[in-house]
Amino acid sequence: MPSPDNAMFSTHELVGRATEGMGDPGNLGVVLAMLGPGSWATRDDIAHVLHVEPSLVLRYARQIQSSAADRIIGSASRPDSQAQAHNLRKENSLLPGSGKPDPARRITVEAMRAALGTAAPTPPRRAWLVRAPDTGATDLLQDWLNEGYCGVEAARLRELEAGSGEDAVQQAVAADYSHLAQVALRDKTAEIHLFLNRMREGDLVLAPAREGDQAYLGKITSGPHFTTDRTVGLTRNVRWLNTSAPLDLFGNDVPDGLNGKLGVQLSVVDLTDLVDDLAALLPPEAGTPAPPPRRSFHLPGPNAELAAELHIRPQDLADWIELLQERPQIVFYGPPGTGKTYLARKLALHLTSGRRERVTLVQFHPSYAYEDFFEGFRPRQGKDGQPGFELVPGPFRRTVENARQDPSSPHVLIIDEINRANLARVFGELYFLLEYRDDIVHLQYGTDDGNGFTLPRNVVIIGTMNTVDRSVARVDAAMRRRFSFVELHPATEPTSSMLRNWLQTEGLPDTMALLLDELNSRIAERDFQLGPSYFMRRSLYEQPGALARTWRTSILPLLSDQEPGNATERFTLAEILEELGLDEASVLRPEASAHATAFGEGVDGTT
């Protein structure tokens, strides 16, 4: 087995990340081509036409360095910055005096749709939780079921058109609900925006009963309507599909993650991650195709070839996979040279069927923090040349988002040297989700939009821990409770027989295994004993003097740091070999041994 290394696996290309979830990015290219000099469009209009998140529009335009990025603004009432206003003014796209964008030069939603023609994307079906307002004695949900609708409280809100955009909603809510606190204003804006702009006909809607143990499923059959109803104000028609057999929220058929979403304190919550699972719970409709089967997450079983490649017993591999199926977090710990990182990488590739893009490796260190691991603000130069900060996703967030897009396949995050960082500082509020994956947390930077953040079951975490750096006994109880711990130690299986298995595969005698056993018997501290990886290198058996060089440059320096006294005198290679009745030539391949004898080379590589 080669020596473990810490090289990172390859990741997705940057533009691939920028367009993730956008469908065909060529559709955006068509729209951007319309934005020539003297024109402009709003970010929300483009997002509405293409059925994508607004944040992706500018991100993609900037990644491909399109000049159209300077003509995309957040609000139809004003440019986003002085630099953008300057550019639009040069192109005569601003009204004289007011400095507002000229409506006559706007690329409208209708114009974009006409340009796309048949290329306009079909919107994917989404799912939503809509919670009926509590009106006291009246059960408003029963009215929804009887009359075929759902709604959100918007009685004070002025009428807005669908597709008005999040900025327009925010301004209207701020004006019409000015009596609310900032947090309540933010939540109200999110609810109205989702219900008005993001919902579509054909989407699924789930409405929980007031008691909290049942829920009803239906399909949205209309656009939004403002009403004079003082308890709702904004409604959509719904065809309820399970009124006679509501979903039991405590039953076995409840999709993973739904109970966590039910804890979100908003009236409208995005459940699109669960849309296929919810569709599978609906009774079949005449003339419609059966919904896709519920996607389940299963890890591939053990592979005898992989066990042989790792020089371990197949049962050990099977046990590790079973542990990960039960709780997808595991830590391999042990002294140096026990192959922890190598094993973690090989296991990760097996779990992902060799798909390297589904594997991410990070290495923790004492200064590693939440901002490095999950998300944090990083300095960036703006389009106007001025310095600023941008919220950048870290490797864990990227892994989670990739896993959401591919829920039936495992995505593996390898954390090398997991015990070298302050885990509470690195994981932050996410530590909770390692134990309760069906629940939610609210993120530090608010990027969950009030909907809460969940950790998908198909995110697998494999950690490695060098016990020389910090004993596993000193790892806090919170981490021990959230991870399964597997020891890799030279004195116990599967590590104890690894070197002998490798030597047998290579057609070599077990001389080196005897040497390693004798060396470890002289090391008093159990965590300081050496693993077999140091001796699983073909060059040691093919080049006279290679063992002596490795001993001098790798083994002795390590022992000098760990063992008290003079390690050079206590762990002399020649003396240990002599006590075993061996010499260096006895560990070499026959042809290399004959060469060493013919030229009179000694154990130290000299003549």
Side-chain angles (χ1 to χ4, degrees), residues 1-7 299 302-303 306-324 326-351 359 361-364 412-420 460-475 479-480 482-505 510 512-513 515-517 519-521 523-537 554-555 558-559 562:
M1 182 172 66
S3 176
D5 62 70
N6 299 325
L299 295 174
N303 183 301
L306 176 61
E309 183 181 355
L310 295 172
H311 308 289
I312 61 175
R313 301 170 300 185
Q315 185 56 46
D316 293 314
L317 184 59
D319 289 345
W320 300 339
I321 293 175
E322 186 174 340
L323 284 172
L324 286 170
E326 294 173 357
R327 179 171 56 181
Q329 291 123 217
I330 197 169
V331 170
F332 293 108
Y333 70 97
T338 47
K340 300 177 290 296
T341 304
Y342 180 84
L343 189 152
R345 297 179 68 187
K346 285 290 186 180
L347 179 58
L349 284 176
H350 170 69
L351 297 178
V359 180
L361 187 147
V362 298
Q363 188 179 63
F364 280 4
V412 181
L413 177 68
I414 301 173
I415 305 177
D416 201 36
E417 307 284 5
I418 192 172
N419 57 318
R420 295 191 65 207
V460 177
I461 301 175
I462 302 177
T464 71
M465 178 185 295
N466 190 332
T467 51
V468 168
D469 292 337
R470 187 184 302 173
S471 172
V472 69
R474 295 198 295 272
V475 174
M479 181 180 176
R480 294 175 68 88
R482 287 164 170 81
F483 286 81
S484 299
F485 282 77
V486 173
E487 184 183 42
L488 300 177
H489 192 276
T492 60
E493 291 291 358
T495 316
S496 59
S497 61
M498 194 176 291
L499 180 55
R500 282 182 170 81
N501 293 340
W502 184 83
L503 291 169
Q504 184 178 4
T505 302
D510 66 350
M512 196 70 86
L515 174 63
L516 177 60
D517 291 342
L519 172 62
N520 281 332
S521 70
I523 300 174
E525 182 65 43
R526 187 175 186 274
D527 284 340
F528 292 168
Q529 294 180 6
L530 301 186
S533 294
Y534 292 100
F535 305 99
M536 297 171 70
R537 300 169 182 171
S554 297
I555 306 299
L558 187 64
L559 294 175
Q562 300 166 359

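Because the structure is a prediction, the values reported are computed rather than measured.
- When side chains are defined from C-beta on, Val412 does not count as touching Leu349, because their heavy atoms never get closer than 4.5 Å.
- Here the closest non-hydrogen pair linking Leu499 and Pro532 is CB-CB, 3.7 Å.
- The nearest pair of heavy atoms linking Arg420 to Phe364 is CB-O, 4.0 Å.
- When every heavy atom of Ile462 is checked against every heavy atom of Ala344, the shortest pair comes out as CG2-CB, 3.7 Å.
- Residue Ala307 comes nearest to Pro314 through the heavy atom pair CB-CA, 3.8 Å, listed as atom of the first residue, atom of the second, then distance.
- With sequence neighbours excluded, the residues forming a side-chain contact (heavy atoms from CB on, under 4.5 Å) with Pro335 are Thr338, Thr467, His489, Pro490, listed by chain and number.
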Under the criterion side chain to side chain contact (heavy atoms under 4.5 Å, CB included), I'd like the reasoning laid out for Val468 against Leu558: C-alpha separation, chi angles, the key distance, then a yes or no. CA-CA 10 Å; Val468 168; Leu558 187 64; 5.8 Å; no

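- The side-chain contact (heavy atoms from CB on, under 4.5 Å) search around Ser484 returns Leu323, Arg327, Ile330, not counting sequence neighbours.
- With sequence neighbours excluded, the residues that form a side-chain contact (heavy atoms from CB on, under 4.5 Å) with Ser497 are Glu493, Asn501.
- Scored by the side chain to side chain donor-acceptor pair (under 3.5 Å) test, Asn303 finds no partners at all (sequence neighbours excluded).
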Please test Thr341 against Arg345 for side chain to side chain contact (heavy atoms under 4.5 Å, CB included), starting from the C-alpha separation and ending with a verdict. CA-CA 6 Å; Thr341 304; Arg345 297 179 68 187; 4.2 Å; yes

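- Atom CZ of Phe535 sits about 11.0 Å away from atom CG of Leu503, to the nearest 0.5 Å.
- The structure places CD of Glu326 at 11.0 Å from CG of Leu299, a figure rounded to the nearest 0.5 Å.
- Looking at residues two or more places apart in sequence or on another chain, you find a side chain to side chain donor-acceptor pair (under 3.5 Å) between Gln315 and Asp319.
- Applying the salt bridge (Lys or Arg N to Asp or Glu O under 4.0 Å) test to Arg313 and every residue at least two apart in sequence or in another chain returns Asp316.
- What you find for Gly339 and Ser533 is that their closest heavy atoms are N-OG, 3.6 Å.
- A heavy-atom distance below 4.5 Å is not found between the side chains of Val331 and Ile415.
- Residues satisfying the side-chain contact (heavy atoms from CB on, under 4.5 Å) test with Asp517, not counting sequence neighbours, are Arg500.
- Checked against side chain to side chain donor-acceptor pair (under 3.5 Å), Asn520 has no partners two or more places apart in sequence or in another chain.
- In this view, Phe332 and Trp320 satisfy the ring pair (Phe, Tyr, Trp, His ring centres under 6.0 Å) rule, not counting sequence neighbours.
- For Glu487, the salt bridge (Lys or Arg N to Asp or Glu O under 4.0 Å) partners two or more places apart in sequence, or in a different chain, are Arg526.
- If you take CG on Leu413 and CD on Gln329, they are separated by 10.5 Å, rounding to the nearest 0.5 Å.
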Pair Glu309, His350 - check side chain to side chain contact (heavy atoms under 4.5 Å, CB included), show working. CA-CA 12 Å; Glu309 183 181 355; His350 170 69; over 6 Å; no

